[in-house]
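Notes for the one structure printed next.
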Amino acid sequence: MSSTYEENYHDWLRDAHAMEKQAETMLEKMSERLEHYPDLKARLAQHLEETKQQQAMLEQILDNHNISHSSMKDVMGKMSAMGQAMGGMFTPDEVVKGAISSYVFEQFEIANYTALIGAAKMVGDNEGMRILEQIRDQEIAMAEWAYTHLPNVTEQFLMRSAEPNTEAKK
């Protein structure tokens, strides 16, 4: 049985909502643990607020189409994010691996929103396209920030880790 454009679009909107729930958990956990990287902590806090706004914007699209969002997908996304956060806690280079993971996740979000924009166009959801483009632009800005600041985070980590009795990982 083939799916209609609308069915795929609706499924992908639910997936995007779950993805943002996962992002929220990841950003919260990473931000909570950071102690020695104030620029990174501040940018993560800013993006956490954007992520919460993005969830509300996605809920608006879901409501406009009478789509219930999948609480199961939301829960699974949050559990996945918790697992990632917990795994990073046990590595001595947690901040560097977290910064890399953050950049990769932003690219994943950008790709998802790019596909969703194409689907919104196919179903004639102009308001959805506008909202999805706005969210994608925020994800692009965060990815660019992560990309340009990754060398600095790495350098800070290496300098801190070279100092005796200095915690570097977070």
Note to self: What's the separation between atom CG in Asn112 and atom CD in Gln107, rounded to the nearest 0.5 Å?
What the structure shows: 11.5 Å

Check: Are Leu58 and Ile135 side-chain neighbours, meaning at least one heavy-atom pair lies under 4.5 Å?
Finding: yes

Notebook entry, point to check: Is a side-chain N or O of Asp125 found less than 3.5 angstrom from the main chain of Gly128, in a donor-acceptor match?
Noted result: yes

Checklist line | Nearest atoms (heavy-atom pairs only) where Leu150 meets Val96 | finding: CD1-O, 4.5 Å

Next item on the list: Say whether Phe108 and Leu116 are linked into one hydrophobic cluster, either directly or through other cluster members, by side-chain heavy-atom distances under 4.5 angstrom.
Entry: yes

Notebook entry, point to check: Is there side-chain contact between Met142 and Arg43, with at least one heavy-atom pair below 4.5 Å?
Noted result: yes

Checklist line | side-chain contact (heavy atoms from CB on, under 4.5 Å) evaluation trace for Tyr37 with Arg160 | finding: CA-CA 11 Å; Tyr37 302 86; Arg160 289 188 66 80; 3.8 Å; yes

Note to self: How long is the straight-line distance from CD of Glu28 back to CZ of Arg33, given to the nearest 0.5 Å?
What the structure shows: 14.5 Å

Next item on the list: For the residue pair His149 and Trp145, categorise the inter-ring angle as parallel (less than 30°), tilted (30 to 60°) or perpendicular (more than 60°).
Entry: parallel

Next item on the list: Measure the shortest side-chain to side-chain distance between Leu40 and Leu44 over non-hydrogen atoms and say whether it is less than 4.5 angstrom.
Entry: yes

Next item on the list: Begin from the C-alpha positions of Phe157 and Glu94 and carry the test side-chain contact (heavy atoms from CB on, under 4.5 Å) through to its verdict.
Entry: CA-CA 9 Å; Phe157 168 80; Glu94 174 184 355; over 6 Å; no

Check: Can you find a heavy atom in the side chain of Gln22 that is under 4.5 Å from one in the side chain of Phe105?
Finding: yes

Check: Side chains of His17 and Gln55: do they bring a donor and an acceptor to under 3.5 Å?
Finding: no

Check: Under the 3.5 angstrom rule, does the side chain of Ser161 hit a backbone N or O of Leu158 as a donor-acceptor pair?
Finding: yes

Checklist line | Nearest-0.5 Å distance, CD of residue Glu32 to CG of residue Leu48 | finding: 9.5 Å

Check: Any side-chain heavy atom of Thr25 within less than 4.5 Å of one from Lys29?
Finding: yes

Notebook entry, point to check: What residues form a side-chain contact (heavy atoms from CB on, under 4.5 Å) with Glu133, not counting sequence neighbours?
Noted result: Ile117, Met129, Arg136

Next item on the list: Calculate, to the nearest 0.5 Å, the distance between atoms CD and CD belonging to Gln53 and Glu20 respectively.
Entry: 11.5 Å

Check: side-chain hydrogen bond (donor to acceptor under 3.5 Å, both in side chains) with Gln138: which of Gln54, Gln46, His47?
Finding: Gln54

Checklist line | Nearest atoms (heavy-atom pairs only) where Met30 meets Gly98 | finding: CE-C, 3.3 Å

Next item on the list: Please check if the distance between the ring centroids of Tyr9 and His65 is under 6.0 Å.
Entry: yes

Item checked: Single-linkage hydrophobic cluster, 4.5 Å side-chain cutoff, Trp12 and Ile110 together -> no

Next item on the list: Would you indicate whether the side-chain heavy atoms of Gln60 and Glu127 approach each other to under 4.5 Å?
Entry: yes

Next item on the list: To the nearest 0.5 angstrom, please state how far the CD1 atom of Ile140 sits from the CD atom of Glu144.
Entry: 7.0 Å

Margin query: If you define the side chain from C-beta out and look only at heavy atoms, does anything of Lys21 sit under 4.5 Å from Thr51?
Written below: no

Next item on the list: Can you see which heavy atom on Leu132 is nearest to which on Ala120, and at what distance?
Entry: CD1-CB, 4.1 Å

Notebook entry, point to check: If you round to the nearest 0.5 Å, how far is CG of Leu13 from CD1 of Ile61?
Noted result: 5.5 Å

Margin query: Ignoring hydrogens, what is the shortest heavy-atom contact between Tyr103 and Tyr147? Give both atom names and the distance.
Written below: CE1-CB, 3.6 Å

Note to self: Taking NZ in Lys41 as the centre, count heavy atoms belonging to other residues, nucleotides or ligands within less than 6.0 Å. Is the count above 12?
What the structure shows: yes

